[in-house]
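Note: hydrogens, waters and symmetry copies are ignored here, and every other heavy atom, side chains too, is used.
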Amino acid sequence: MATPTTEKKTLTFALMDAPYENERTVTALRLIDIAARRGYNLTVFAYEGAVSLAFAKQAPHANAVHGRDAAQEDHPMPRDWIAAVLAVAEKNGGKIDWINCGLCVDERGVGEAIPGTRRGSPADLWKAAEASDNTLVIGTR
Amino acid sequence: MARKVLQVIATAYRCNVEEQDDPIVWITHAMKGAGADLAVLLRGNAVNYAVKAQDASGLSFGERAQTQPPRIAEDLAKLGGKGVDVFFVEDDAALRGIEPNELIEGARAVSRAALPKLLAGYDQIWHW
């Protein structure tokens, strides 16, 4: 089994899927979480529907089918997961520059993003990719 | 030295009507404008993007008509005009009954067998 590298990497991720549609974003966040725990410097470019991942007004709800109220259901919010990986990165000496494609934000009316994320453009994606050891794009299928 | 990235588009016709373009063709234009060194490879259903005769016009809901439908073949041709190489997998086109003369000028055929050599010419492959 390979020994995990201790070298500090710089990685870029481009995500495209909207929240609550499939498991690709969860997989992406698993990878981002691992990299954040290693203290890597990361850029995440949220494109198209992925800009809604950091939308601040996501709201938890009760679930009658599960027989649980909102508190018991403890529904996962992608915005909370993002806040958590941002915190993990900082705790481990790295950082995550989470960029939401500005035009995609405007189209969807999701301009109210959580703190620690920012608005940007494809030029930011390219700039980050050029400065990174590698880039992973996860497109919508 | 700038990195060379090959943008592989495999998933076709996702949000094209709403965006009035293909989002990966669009972001390729945008990043090229920011200085990126990019090329595009169409594979799978996305080979149809290079077909000149496609026409997505005419959509309307009630009195709301779409005035600027997607023109993806034109957008791809414009990429070629900006120095972005546009490739398509000829096996995928043939499987779909698409003849080479139906495609935009400048789209370059590459066989599946030749893909490793093509991919080896780029620093990174972004598979959208």
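For residues 45-54 of chain A, the pairs satisfying side chain to side chain donor-acceptor pair (under 3.5 Å) are A:Glu48-A:Arg108, with sequence neighbours left out.
Within residues 113-128 of chain B, the residues having any heavy atom less than 4.5 Å from a heavy atom of chain A are, in residue-number order, B:Gln124, B:Trp126, B:His127, B:Trp128. Against chain A, the residues from residues 37-73 of chain B that qualify, each with a non-hydrogen atom under 4.5 angstrom away, are B:Asp37, B:Leu38 in number order.
Under the 4.5 Å side-chain heavy-atom criterion for Ile, Leu, Val, Met, Phe, Trp and Tyr, A:Phe13 and A:Ile82 are members of the same hydrophobic cluster. Connection of B:Leu79 to B:Val89 is not established within any shared hydrophobic cluster, with ILVMFWY side chains joined at heavy-atom distances below 4.5 Å, either directly or through further cluster members. Both B:Val84 and A:Val137 are assigned to one and the same hydrophobic cluster, defined by single-linkage of ILVMFWY side chains at heavy-atom distances under 4.5 Å. A:Leu53 and A:Leu11 fall within the same hydrophobic cluster, where Ile, Leu, Val, Met, Phe, Trp and Tyr residues are linked whenever their side-chain heavy atoms come under 4.5 Å apart, directly or through other members. Two different hydrophobic clusters hold A:Tyr20 and A:Leu15 under the rule that ILVMFWY side chains link at heavy-atom gaps under 4.5 Å.
Nearest heavy-atom pair, B:Met31 versus A:Pro122, reported as atom, atom and distance to 0.1 Å: CG-O, 3.5 Å. Here the closest non-hydrogen pair linking A:Glu130 and B:Arg3 is OE2-N, 3.3 Å. Annotation for A:Trp126 and B:Ala34: closest pair CD1-O, 4.2 Å, computed over non-hydrogen atoms.
Remark: A:Glu90 CD is loosely packed, at most 12 non-hydrogen atoms of other residues, nucleotides or ligands lying under 6.0 Å away. Taking a 6.0 Å sphere around CZ of A:Arg141, one finds it holds more than 12 heavy atoms contributed by other residues, nucleotides or ligands. Counting non-hydrogen atoms of other residues, nucleotides and ligands closer than 6.0 Å to NZ of B:Lys82 gives a total above 12.
Listed by chain and number, the residues in a salt bridge (charged side-chain N to carboxylate O under 4.0 Å, His left out) with B:Arg96 amount to none (sequence neighbours excluded).
Checking side-chain atoms of B:Arg14 against main-chain N and O of A:Thr140 turns up a donor-acceptor pair under 3.5 Å.
The distance from atom CD of A:Glu107 to atom SG of B:Cys15, rounded to the nearest 0.5 Å, is 8.0 Å. Residue B:Ile27 holds its CD1 atom at 8.5 Å from OG of A:Ser121, rounded to the nearest 0.5 Å.
Both the backbone and the side chain of A:Asn134 have a heavy atom closer than 4.5 Å to some heavy atom of chain B. Using a 4.5 Å cut-off between heavy atoms, A:Leu136 does not touch chain B at all. Contacts between B:Glu19 and chain A at a heavy-atom distance below 4.5 Å involve the side chain alone, from C-beta outward.
With chain B as partner, the option from A:Ala123, A:Cys104, A:Cys101, A:Ala129 having the largest number of non-hydrogen pairs under 4.5 angstrom is A:Ala129.
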